[in-house]
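Encoded as structure tokens, the structure appears first; notes follow it.
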Amino acid sequence: MSADIFSGIYLVATLLFVFGLKGLSSPKTALRGNTFAMSGMALAIVTTLFNPEVKNYSWIFAGLIGGALVGTLVARKIQMTAMPQLVAALHSFVGLSAVLVSIGTYFSHREAGELSKVLLSELAIGTFIGAITFTGSLIAFGKLQEILGSDPIKYKGQHFVNLVLGVIMIGFSINFIMHADAFSLLMTTGIALILGFLLIVPIGGADMPVVVSMLNSYSGWAASATGFTLGNNLLITTGALVGSSGAILSYIMCKAMNRSFISVILGGYGGESASATTGAVGGTQKRVKSASAEDAAFMLGNASKVIIVPGYGMAVAQAQHAVKELFEVLAEKGVEVKFAIHPVAGRMPGHMNVLLAESEIPYDVVFEMDEINSEFSTADVALVIGANDVVNPEAKTDKKSPLYGMPILDVYKSKQIFVSKRSMKPGYAGVDNGLFYYDNCSLVFGDAKATCDALAKAVKDS
């Protein structure tokens with residue numbers, strides 16, 4: 001095939017990726033978007049195999065077969081609750097591949113004497129972006145998998161250390177571009193690996209949704225840099241699509257948390273101590289009210305309108321199918337049920353949407369924060385399942401709270417609130433939740449799945 005035909009097919013594949021991203025913007029069109037994206041990738045792979053520059057297929061097919069086997073195994077075994085960890089791990093693979101391609105291209109072209117300044121610049125950029133993505137994604141994976149603590153790890157002078165390392169890394173990169181020496185490339189790689197670690201470690205669990213989308217952006221730019229290195233236009237455009245969409249998503253997440261992107265990168269919040277059984281609301285100590293599943297079921301079954309707010313606790317307990325059963329039981333009794341999703345609920349963007357879609361809850365009853373916030377004041381009951389920081393009213397009232405200014409779901413405006421919670425342990429931001437001490441709020445302690453099962457049974461039997 002001629003170069004023009006290759007370019008034309010790659011353009012079609014790029015358009016399929018664009019349609020894929022467009023489809024993924026809504027749960028209703030997500031399946032179609034996924035089909036477009038997979039078709040684009042299949043077209044890209046098959047076309048690349050016919051490239052005349054491909055001389056040996058053994059390693060290519062070994063990678064395709066090995067990747068297909070591992071991907072199929074992971075897809076069949078992975079729990080939806082572990083999707084954020086999987087996404088972070090996949091980002092690390094993209095970063096590592098960019099580093100390996102850059103280093104491999106350098107040594108192969110050095111032997112052939114084909115190292116131009118432009119190519120060296122591409123190699124340097126691809127190497128440090130890929131290395132930062134690799135170690136940063138591994139740290140994010142460790143925090144999400146709870147191998148590492150979710151609290152931010154800070155130390156005195158951390159920003160200065162990062163700045164110095166960044167300057168040194170750029171210095172070695174410039175020296176590599178000017179002199180094409182292997183030592184400078186390896187030093188650039190090593191420092192970038194350290195920077196990836198140091199940039200993510202100080203970020204707390206409360207900022208994990210932003211971190212995941214940010215690393216998604218990094219992985220895209222790493223892939224794009226690899227495309228420049230390999231002279232592959234499709235990889236350049238695909239990487240740019242992923243990088244720019246990840247950056248836009250990061251901005252949306254930061255806006256939803258009322259935080260600047262720079263403040264997240266410079267270190268997350270979290271880790272503040274919180275009271276175990278009592279909290280301060282308005283300067284006075286109050287105790288929470290607890291309720292049984294039967295009490296909550298009675299109120300739910302006799303309500304006209306119920307809004308359910310899912311959170312990470314639902315994901316941990318794998319309670320999405322029990323929530324679906326509760327939804328169906330309430331609907332059969334003529335109760336209007338809606339779901340309210342906060343943009344940063346869970347551990348990655350869209351986490352709750354994915355879980356609700358898995359349990360086949362209808363898309364038309366799932367609403368984003370801006371769409372449903374005005375309806376809480378008309379809700380008879382709000383049922384919070386494992387959500388914490390995103391419903392904390394102190395984000396509006398307490399200027400000393402690290403959550404202050406973050407838009408929240410206005411659950412506190414509902415006539416009655418029930419919160420399914422395992423304990424009084426604070427959310428990922430590490431701060432106490434003032435909602436728990438409101439007069440119209442009662443806590444139903446226990447595992448979210450067991451609680452939802454009990455609620456569904458009690459409503460059905462009433």
Side-chain angles (χ1 to χ4, degrees), residues 1-25 29-75 86-87 89-105 108-109 119 122-123 125-127 129-130 133-134 137 213 215-249:
M1 287 189 288
S2 66
D4 290 339
I5 294 177
F6 268 104
S7 298
I9 296 175
Y10 279 167
L11 177 60
V12 173
T14 301
L15 291 175
L16 287 171
F17 291 142
V18 172
F19 292 144
L21 283 174
K22 175 62 177 176
L24 292 172
S25 64
T29 58
L31 182 60
R32 185 172 65 215
N34 223 11
T35 302
F36 279 134
M38 290 189 294
S39 300
M41 183 57 68
L43 181 62
I45 292 173
V46 172
T47 303
T48 303
L49 291 176
F50 285 98
N51 193 313
E53 294 184 13
V54 178
K55 307 298 183 183
N56 190 324
Y57 288 93
S58 57
W59 284 107
I60 293 176
F61 282 113
L64 285 174
I65 294 171
L69 289 174
V70 173
T72 301
L73 181 64
V74 170
L86 176 62
V87 171
L90 293 177
H91 288 161
S92 72
F93 294 158
V94 177
L96 180 60
S97 66
V99 173
L100 295 177
V101 167
S102 295
I103 294 176
T105 301
S108 63
H109 282 64
L119 177 60
E122 294 168 355
L123 294 176
I125 294 172
T127 298
I129 294 178
T133 303
F134 175 59
S137 298
S213 59
L215 291 171
N216 178 59
S217 179
Y218 285 0
S219 68
W221 298 123
S224 190
T226 303
F228 279 106
T229 300
L230 298 176
N232 189 307
N233 293 333
L234 179 61
L235 196 54
I236 294 172
T237 55
T238 303
L241 282 173
V242 175
S244 57
S245 61
I248 293 170
L249 186 58

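Counting begins at 1 with the first residue of the sequence. Quick note: numbers below take in every heavy atom, side chains included, and nothing from hydrogens, waters or symmetry partners.
Residues L49 and Y57 are in side-chain contact: their nearest non-hydrogen atoms beyond the backbone lie under 4.5 Å apart. Contact of the F61 side chain with the L64 side chain is registered, since non-hydrogen atoms from C-beta on lie closer than 4.5 Å. Counting only heavy atoms from C-beta outward, the side chains of F17 and L234 approach each other to under 4.5 Å. Taking 4.5 Å as the limit, some side-chain heavy atom of T105 sits within range of a side-chain heavy atom of L123. Contact check for L43 versus V12: side-chain heavy atoms found under the 4.5 Å cut-off.
Considering all non-hydrogen atoms of both residues, S58 and N56 come closest at OG-OD1, 2.6 Å. For the residue pair L119 and H109, the shortest heavy atom distance occurs at CD2-CD2, 3.5 Å. Closest non-hydrogen pair, S217 versus G243, comes out as OG-O, 2.7 Å. Across G239 and A223, no two heavy atoms sit closer than the pair CA-CB, 4.1 Å. Shortest non-hydrogen contact noted between T127 and S102 is OG1-CB, 3.2 Å. Smallest separation of non-hydrogen atoms from A98 and G126: CB-O, 3.9 Å.
In this structure, CG on L90 lies 12.0 Å from CG on L215, to the nearest 0.5 angstrom. Interatomic distance, W221 CH2 to I129 CD1, rounded to the nearest 0.5 Å: 9.0 Å. To the nearest 0.5 Å, atom OG of residue S108 and atom CD1 of residue I103 are 12.0 Å apart. Between atom OG1 of residue T29 and atom CG of residue L24 there is a gap of 7.5 Å, rounded to the nearest 0.5 Å. The distance from the CG atom of L11 to the CG atom of L15 is 4.5 Å, given to the nearest 0.5 Å. Here I9 contributes atom CD1 and F50 contributes atom CZ; the two are 9.5 Å apart, rounded to the nearest 0.5 Å.
Shown are L241, I236, T238; of these, the side chain to side chain contact (heavy atoms under 4.5 Å, CB included) with S224 is made only by I236.
Donor-acceptor pairing under 3.5 Å is lacking for the side chains of T133 and S219.
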- Verify side chain to side chain contact (heavy atoms under 4.5 Å, CB included) between F134 and V99, making sure each step is shown before the conclusion. CA-CA 9 Å; F134 175 59; V99 173; 5.6 Å; no
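Remark: S92 engages no residue in a side chain to side chain donor-acceptor pair (under 3.5 Å) (not counting sequence neighbours). With sequence neighbours excluded, the residues forming a side chain to side chain donor-acceptor pair (under 3.5 Å) with T48 are Y10, listed by chain and number.
Judged by distance alone, the side chain of N232 and the main-chain N or O of L235 form a donor-acceptor pair under 3.5 Å. In terms of modelled atom types and a separation under 3.5 Å, the side chain of S245 and the main chain of V242 share a donor-acceptor contact.
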